[in-house]
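Some notes on the structure that comes next.
Scope of the values below: all heavy atoms of this structure, side chains included, with no hydrogens, waters or symmetry mates. One-based numbering, in listed order, for ligands and for the atoms of each.
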Amino acid sequence: MQRPIYLDCHSTTPMDQRVLDAMLPYFTEHFGNPSSTSHAYGWEAEAGVKQARETIAQAINASAEEIVFTSGATEANNLAIKGVAEAYFTHGQHIITVATEHRAVIDPCQYLESLGFEITWLPVEEDGRVDLDRLADSIRSDTILVSVMAANSEIGVLQPLAEIGHICRENNVFFHTDAAQAIGKIPLDVEAMNIDLMSLTAHKVYGPKGIGALYVRRRNPRVRLASQIQGGGQEREFRSGTLYPPQIVGFGKAVELGLAEMEQEGERLAKLRDRAWEALSQLEGVYWNGHPTQRLPGNLNVSVAGVDGTALILGLQPVIAVSSGSACSSQSTEPSHVITALGRGKSLAKASIRFGIGRFTTSEEMDQAIEHTIRTIESLRKAKQG
Ligand SMILES: *Cc1c(COP(=O)(O)O)cnc(C)c1O
């Protein structure tokens, strides 16, 4: 049986063979513990970690000491949000974030809310972006953190990071961004954008799962954090636990490749995406979700009128692997909180398709996928009438 065409690159990406090749020696030959400073086994492993750390730091214009390796973006978000909250609660207990964030930001914020912190949940405009005046107006004297994601995992919308960073810096509030979907896809610069904390992950950029990082600014201003995992004191005491060199080396390689190929690949993906939309928009009642241009090149998210969301995904499933507007929170059948936040009604939010086009998606695959999508929509609509 042929497997469906993979178009779910916002959930995870297939790993690049070049990444695997870079990782392999660190499972067997260079198996040392990078914290072992008294012998060559440790040094070899540490050399691999060091290089990856530098690559990742350079990719966001940070310095290597500012990179804290974690198990992924979920852990990085938890460390950033709860770490700042615990370290600064005597200064203030107010945090600002956005309704369309990933659950890995929403849930830690809700947890803090349950402890007595106050959270402002900013709405978004119809195009998925935050209103900057509204953001600026929400900042109070007791605000300690603003957390706004770089690129949305459902609708690909890019938030105006530099403008948000400027507002935060002017008001002396830390700025955290979840850049899980953005690293290796769009340019990121913690200096130019005044970012104080940035969450990253490898498996959305053709790297391995189970590895990510938090960038933690060290100067102008220095960010203090309460560690969430205590133990051996690795990663400047922010995150204890023996480092995982194969994953870290793979992460570094994935970021290196992402950056090197970003521009060319971005253009290719945007072309595939635009062609898909051109075909889909020939149908009536198919709506584009999110900003027309400020979005990830490989993201297309549409809502389809006149069909049932579950039936739509079931119909697509044999031929293409995509997510719907309700699949993100696993088995949940509730409509997506992101599409709902754009002002779409419940049934349009449910009947939405997220196409995540990636490095290994071919033009032929995209054509087949769109053809099948159109056929599925038409036959579901016909069945409904009949
Ligand atoms: C995938 C994703 C996460 C979770 O990252 P993990 O590394 O899987 O923990 C967090 N935020 C966003 C925006 C994501 O897309």
Side-chain angles (χ1 to χ4, degrees), residues 6-15 19 52 56 60 67-83 97-111 124 128-130 146-159 161 164 175-186 188 195 197-215 228-229 239 241 244 247-248 250-252 254-255 258 290-291 294-299 301 322-325 327-330 332 336-339 341 354-358:
Y6 190 76
L7 286 172
D8 202 11
C9 284
H10 303 296
S11 290
T12 195
T13 52
M15 203 164 75
V19 171
I56 294 160
I60 59 169
I67 301 299
V68 175
F69 286 113
T70 64
S71 62
T74 300
E75 190 192 328
N77 286 340
N78 272 268
L79 176 56
I81 294 165
K82 294 194 275 192
T97 187
V98 184
T100 51
E101 291 291 311
H102 192 274
R103 288 286 302 273
V105 164
I106 293 179
D107 289 6
C109 285
Q110 282 181 343
Y111 168 73
V124 292
R129 291 187 118 203
V130 291
V146 169
S147 181
V148 181
M149 75 203 311
N152 191 277
S153 42
E154 291 189 42
I155 51 176
V157 167
L158 310 179
Q159 297 293 354
L161 296 184
I164 296 169
F175 175 29
H176 165 249
T177 187
D178 175 351
Q181 297 283 349
I183 181 80
K185 319 270 177 63
I186 59 161
L188 295 168
I195 293 164
L197 296 142
M198 182 190 285
S199 301
L200 303 172
T201 191
H203 76 99
K204 309 277 173 76
V205 62
Y206 313 96
K209 294 168 190 51
I211 187 72
L214 180 66
Y215 154 76
Q228 302 297 304
I229 297 180
R239 205 280 191 175
Y244 190 179
Q247 302 301 90
I248 291 170
F251 185 13
V255 167
H291 198 281
Q294 292 300 312
R295 66 190 297 136
L296 292 170
N299 174 281
N301 191 309
V322 286
S323 287
S324 76
C328 213
S329 342
S330 62
S332 156
S336 148
H337 69 286
V338 175
I339 314 287
R354 175 183 70 177
F355 297 93
I357 313 160

Numbered atoms of ligand 1 (with element) below 4.0 Å of [X], judged on heavy atoms:
X: G72; value: 7 (O)
X: M149; value: 13 (C)
X: S153; value: 15 (O)
X: D178; value: 10 (C), 11 (N), 12 (C), 13 (C)
X: H203; value: 6 (P), 7 (O), 8 (O)

A73, any N or O under 3.5 Å of ligand 1 N or O: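 Between A73 and ligand 1 (N or O atoms, distance only) the closest approach is under 3.5 Å.
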Short N or O distance, T201 and ligand 1, threshold 3.5 Å exclusive: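 Among all N and O atoms of T201, at least one is under 3.5 Å from an N or O of ligand 1.
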Taking the side chain from E154 and the backbone from I339, do they hold a donor-acceptor pair closer than 3.5 Å?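 Checking the backbone N and O of I339 against the side chain of E154, no donor-acceptor pair under 3.5 Å is found.
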Can you figure out which of E75, E101, H102, H10 has its heavy atom closest to atom 12 (C) of ligand 1?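 Considering heavy atoms of E75, E101, H102, H10, the nearest to atom 12 (C) of ligand 1 sits in H102.
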Nearest heavy-atom neighbours spanning N152 and T100: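 Shortest heavy-atom contact: ND2-O, 2.9 Å.
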To the nearest 0.5 Å, tell me how far [X] [atom1] sits from [Y] [atom2].
X: K209; Y: F251; atom1: NZ; atom2: CZ; answer: 14.0 Å
X: K204; Y: Q181; atom1: NZ; atom2: CD; answer: 4.5 Å
X: L79; Y: L197; atom1: CG; atom2: CG; answer: 8.0 Å

Please state which part of K204 comes within less than 4.0 Å of ligand 1, counting heavy atoms only: side chain, backbone, both or neither.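 For K204, only side-chain atoms sit under 4.0 Å from ligand 1.
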Give the residue, atom name and distance (to 0.1 Å) of the protein heavy atom nearest atom 9 (O) of ligand 1.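 Among all protein heavy atoms, the one nearest atom 9 (O) of ligand 1 is T74 OG1, 2.6 Å.
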Any pair with a residue in residues 72-83 that passes salt bridge (charged side-chain N to carboxylate O under 4.0 Å, His left out), sequence neighbours left out, goes on the list, sorted by first then second residue, please.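 As it turns out, the salt bridge (charged side-chain N to carboxylate O under 4.0 Å, His left out) pairs with a partner in residues 72-83, which skip direct neighbours, are E75-R239.
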Under the ring-ring contact (aromatic ring centres under 6.0 Å, His included) test, which residues partner Y206, sequence neighbours left out?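 Applying ring-ring contact (aromatic ring centres under 6.0 Å, His included) to Y206 gives F360.
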